[in-house]
Protein chains: 2
Amino acid sequence: MFSKTCQYGIRAILYLAVHTSEDKKLGVEQISNGLDIPKHFLAKILQQLTKHHLASSSKGRNGGFYLNTENKNSSLLKVIHAIDGSDVFSLCILGLPECSSQNPCSLHQEALKQRSAMLKILEDQDIQQIAKRIDLKHIKI
Amino acid sequence: MFSKTCQYGIRAILYLAVHTSEDKKLGVEQISNGLDIPKHFLAKILQQLTKHHLASSSKGRNGGFYLNTENKNSSLLKVIHAIDGSDVFSLCILGLPECSSQNPCSLHQEALKQRSAMLKILEDQDIQQIAKRIDLKHIKI
DNA sequence: AGATAAAAAGAGTTTTATATCTTATTTAAA
DNA sequence: TTTAAATAAGATATAAAACTCTTTTTATCT
Ligand code: FES
Ligand code: FES
């Protein structure tokens with residue numbers, strides 16, 4: 001469903017949502033240790049997310065990555081779109097060139113039902129909310 | 001969701017279900033033309049499916065690939081398992097080492113709901129049924 | 001000002017997925 | 001019995017994804 005890069009990106013964002021703020025930043029190394037993700041690879045992903053204004057960073061001493069309020073009000077869908085592109089949920093699940101209810105494949109109806117449900121979850125709740133849930137219910141990141 | 005190999009495999013099986021039988025076989029070339037799938041690649045996939053007894057083949061003149069009755073009574077889930085392995089629907093969607101309701105990630109509940117629905121569709125209806133639906137409703141393969 | 005610690009950027013490597021090519025084997029028709 | 005047509009098998013090639021390494025830039029602390 002999601003590329004490994006995207007999985008890493010989502011987890012990194014959630015980790016930042018739980019552990020950082022404007023004045024509590026984390027270096028790549030700490031994040032990569034916390035999530036068990038290859039350090040340099042994670043660095044690339046975080047850079048990409050920062051460019052898309054889904055995470056924030058500051059260079060130099062005491063610098064690091066973090067989520068500001070705006071970042072925390074964003075959604076996981078945006079993270080997914082930034083990494084895997086905006087087609088993930090609109091391409092035919094069987095790889096056919098078109099995907100529409102007018103011209104469906106044999107799994108279209110079922111795929112559509114599920115993807116809309118997943119999409120709703122991913123765009124309706126903001127990252128802040130998910131972070132709160134993670135904290136309260138001790139959910140893994 | 002599915003690898004390209006798996007998408008090709010599913011489509012090939014459905015194509016065979018609609019167009020072949022014990023005494024109406026098709027060569028790789030015809031199938032690859034019909035589905036617009038690279039010929040040699042498709043050959044590999046069909047060999048794999050034949051080994052798993054999900055398709056049938058006969059060599060030599062007038063040979064080709066086809067589905068016998070048993071093949072048509074199988075399910076798409078078996079096809080998927082034969083190609084992408086049996087973990088597709090049981091691994092954590094975020095790539096975490098475990099996936100269970102006891103130890104869920106932040107998307108587990110939603111992912112589970114959807115995967116069970118998809119699984120049900122994929123194992124409950126047999127290939128024959130899907131083929132009939134394709135035929136009646138002029139669905140793409 | 002200089003040293004240091006961090007992200008940013010870019011180049012390079014490895015691994016996996018996808019695709020192709022070549023040769024062998026099998027079967028049936030001519 | 002020879003030839004043609006098909007799958008089977010194995011080796012190779014290409015492309016994309018995953019991962020690593022090195023250098024540059026920037027900010028902060030001493
Ligand atoms: S046409 Fe295949 S999923 Fe929509
Ligand atoms: S734990 Fe992540 S999907 Fe089940």
Side-chain angles (χ1 to χ4, degrees), chain A residues 1-12 16 20 22-33 35-68 71 80 83-85 87-88 91 94-95, chain B residues 1-12 16 20 22-33 35-68 71 80 83-85 87-88 91 94-95:
Chain A
M1 173 135 226
F2 305 130
S3 71
K4 219 160 196 185
T5 310
C6 194
Q7 295 177 336
Y8 290 162
I10 293 173
R11 293 175 57 212
L16 291 175
T20 73
E22 200 92 44
D23 45 51
K24 196 168 64 178
K25 301 164 189 170
L26 286 179
V28 190
E29 186 133 30
Q30 300 170 274
I31 307 172
S32 87
N33 285 338
L35 294 177
D36 197 29
I37 296 175
K39 177 171 137 186
H40 296 289
F41 193 23
L42 178 60
K44 287 293 174 202
I45 299 169
L46 287 171
Q47 280 169 33
Q48 200 178 344
L49 291 170
T50 301
K51 268 193 191 164
H52 280 85
H53 307 290
L54 297 166
S56 307
S57 71
S58 69
K59 280 182 160 188
R61 263 203 185 188
N62 300 335
F65 290 95
Y66 63 98
L67 298 198
N68 60 28
N71 298 148
I80 292 163
I83 297 177
D84 277 351
D87 289 341
V88 213
L91 294 180
L94 294 185
Chain B
M1 176 137 224
F2 305 129
S3 71
K4 219 161 196 184
T5 310
C6 194
Q7 295 177 337
Y8 289 162
I10 293 173
R11 292 176 58 212
L16 291 175
T20 71
E22 201 91 43
D23 45 51
K24 197 169 63 179
K25 302 164 188 172
L26 286 179
V28 189
E29 185 132 32
Q30 299 170 275
I31 308 172
S32 88
N33 286 338
L35 294 176
D36 198 29
I37 297 176
K39 177 171 138 186
H40 297 289
F41 193 23
L42 177 60
K44 288 291 175 204
I45 299 170
L46 287 171
Q47 281 168 33
Q48 201 179 343
L49 291 171
T50 301
K51 269 195 190 162
H52 279 84
H53 306 292
L54 296 167
S56 308
S57 71
S58 67
K59 280 183 161 187
R61 262 204 187 188
N62 299 335
F65 291 94
Y66 62 98
L67 298 197
N68 61 27
N71 298 148
I80 292 163
I83 297 177
D84 276 353
D87 289 342
V88 213
L91 293 179
L94 294 186

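Values below: every heavy atom of this structure, side chains too, minus hydrogens, waters and symmetry copies.
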**Message:** Quick check on dT20(D): is either OP1 or OP2 less than 4.0 Å from any side-chain nitrogen or oxygen of Lys44(A)?
**Reply:** no
**Prompt:** Are OP1 or OP2 of dA8(C) and a side-chain N or O of Ser57(A) less than 4.0 angstrom apart?
**Reply:** yes
**Prompt:** Is any side-chain nitrogen or oxygen of Ser3(A) closer than 4.0 Å to OP1 or OP2 of dA17(D)?
**Reply:** no
**Integer-rounded Å distance: dT26(D) C1' and Lys25(A) NZ** = 13 Å
**Item:** Length of the line joining Gln47(A):CD and dT26(D):P, which is rounded to integer Å
**Value:** 14 Å
**Prompt:** Ile37(B) near the nucleic acid: base, sugar-phosphate alone, or nothing, with a heavy-atom cut-off under 4.0 Å?
**Reply:** nothing
**Asked** Out of dA9(C), dT22(C), dA19(C), which nucleotide sits closest to the side chain of Lys51(A)?
**Response** dA9(C)
**Message:** Check the phosphate of dC19(D) against Tyr8(A), side-chain N and O only, distance under 4.0 Å to OP1 or OP2. Yes or no?
**Reply:** yes
**Sub-4.5 Å side-chain heavy-atom contact between Ile45(A) and Ile37(A)** = no
**Item:** Spacing of Ile45(B) atom CD1 relative to dT7(D) atom P, expressed in whole Å
**Value:** 14 Å
**Spacing of Ile83(A) atom CD1 relative to dA17(D) atom P, expressed in whole Å** = 13 Å
**Item:** Pairwise 5' ranking along DNA chain D for Leu42(A) and Val28(B), keeping only the more 5' one
**Value:** Val28(B)
**Complete:** Separation of dA16(D) atom C1' from Lys4(A) atom NZ, nearest Å, is 15 Å
**Message:** Strictly under 4.0 angstrom, non-hydrogen atoms only: write out the protein contact profile of nucleotides 23-30 of chain C, one letter per nucleotide from the 5' end, B, S or -.
**Reply:** --BBBBS-
**Request:** Could you pick out which residue, Lys39(B) or Phe65(A), lies toward the 5' side of DNA chain C when each is mapped onto its nearest nucleotide?
**Result:** Phe65(A)
**Complete:** When rounded to whole Å, the NE2 to P distance for the pair His40(B) and dA8(D) reads 15 Å
**Prompt:** Is the shortest side-chain N/O distance from Thr5(A) to OP1 or OP2 of dA18(D) below 4.0 Å?
**Reply:** yes
**Item:** Distance-minimising heavy-atom pair for Leu67(A) and Thr20(A)
**Value:** N-OG1, 3.1 Å
**Complete:** By side-chain contact (heavy atoms from CB on, under 4.5 Å), Thr50(B) pairs with (sequence neighbours left out) Ala55(B), Ser57(B), Phe65(B)
**Request:** Report yes if some heavy atom in the side chain of Leu16(A) is under 4.5 Å from a heavy atom in the side chain of Asn71(A); otherwise report no.
**Result:** no
**Item:** Pairwise side-chain contact, Lys25(A) with Asn62(A), heavy-atom cut-off 4.5 Å (strictly under)
**Value:** no
**Request:** Measure the shortest side-chain to side-chain distance between Ser32(A) and Phe41(A) over non-hydrogen atoms and say whether it is less than 4.5 angstrom.
**Result:** no
**Euclidean distance, atom CZ of residue Phe41(A) to atom P of dC19(D) [Å, nearest integer]** = 5 Å
**Fill in**
Between CD of Gln48(B) and P of dT7(D) the distance, given in whole Å, is 17 Å
**Ser3(B) versus Asp84(B), closest heavy-atom pair with distance** = OG-OD1, 2.7 Å
